[in-house]
Structures are given as structure tokens and as C-alpha cells.
Amino acid sequence: MESNTHANDGEVLGAETADPTATEKDPQDWVTGDDPATGAQKSYLDTLAREAGETIPADGLTKAEASEHIERLQEERDS
């Protein structure tokens, strides 16, 4: 049986440091961006919004929209 842990066999996730050459896809360009937000997204967004003293309507919230709100609230919290 061959191992899946060869060093140069392709792209890997979870490296010790982020790859500065990697590109980040805009959530609006996601194939599933129009799908409803996941439970995990809603839960995390609820936590972030509460910390920020903000309310965000959950009805009709898409994965892309949830991701954008999460990113914005994380940036506000970390600044």
C-alpha cells in the first residue's frame, strides 16, 4: 500500500504557514455561493454578531453572504 504523505505529490491543506502565492476566491464566485448558509456558518455568525452588538437577518442568507459577514466581523474584531 502506498502512502499519501509524499512531500511533493501536489497541493496540501493545513501547512504550517500560509502559501503567499495562493489565491482566494471571492465568495460571490463560489459555485455553491447561492446555497443557503450552513448551520456552522449561522452559528459562528451569530457569535460574531452578538460580540459586535449587531443583528443580521438570517432569512434567505446564502453561503456567500454569510462568509462575507463573517470575514467583515472578524476583521472588525481583530482591528
Side-chain angles (χ1 to χ4, degrees):
M1 178 180 259
E2 189 171 316
S3 170
N4 291 336
T5 59
H6 295 281
N8 294 320
D9 283 352
E11 180 180 12
V12 296
L13 300 175
E16 290 181 25
T17 58
D19 178 0
T21 63
T23 58
E24 197 171 301
K25 194 170 189 180
D26 186 321
Q28 294 299 331
D29 294 334
W30 294 352
V31 173
T32 61
D34 289 333
D35 288 355
T38 66
Q41 282 180 308
K42 286 181 179 180
S43 176
Y44 188 45
L45 186 52
D46 181 52
T47 299
L48 291 172
R50 286 175 189 265
E51 288 175 359
E54 193 173 314
T55 58
I56 298 169
D59 290 340
L61 187 67
T62 67
K63 286 182 178 180
E65 292 168 338
S67 179
E68 289 171 347
H69 283 300
I70 289 168
E71 186 173 319
R72 176 182 57 79
L73 289 168
Q74 285 175 328
E75 287 174 2
E76 289 175 5
R77 178 190 64 191
D78 296 341
S79 61

Heavy-atom closest contact (Ala49 atom, Ile56 atom, distance):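 For Ala49 versus Ile56, the nearest heavy atoms are CB-CD1, 4.2 Å.
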Only counting residues at least two apart or in another chain, list the ones meeting side chain to side chain donor-acceptor pair (under 3.5 Å) with [X].
X     : value
Glu51 : none
Asp35 : none
Arg50 : Asp46

Taking everything shown except Asp59 itself, do over 12 heavy atoms lie less than 6.0 Å from its CG?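 No, not enclosed.
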Kindly write out the residues that satisfy side-chain contact (heavy atoms from CB on, under 4.5 Å) with Ala58, not counting sequence neighbours, or none if the list is empty. none
Measuring from atom [atom1] of [X] to atom [atom2] of [Y], what distance do you get when rounded to the nearest 0.5 angstrom?
X     : Y     : atom1 : atom2 : value
Arg72 : Gln74 : CZ    : CD    : 11.0 Å
Glu65 : Asp34 : CD    : CG    : 8.5 Å
Leu45 : Glu68 : CG    : CD    : 11.5 Å

Is there side-chain contact between Leu61 and His69, with heavy atoms separated by less than 4.5 Å? yes
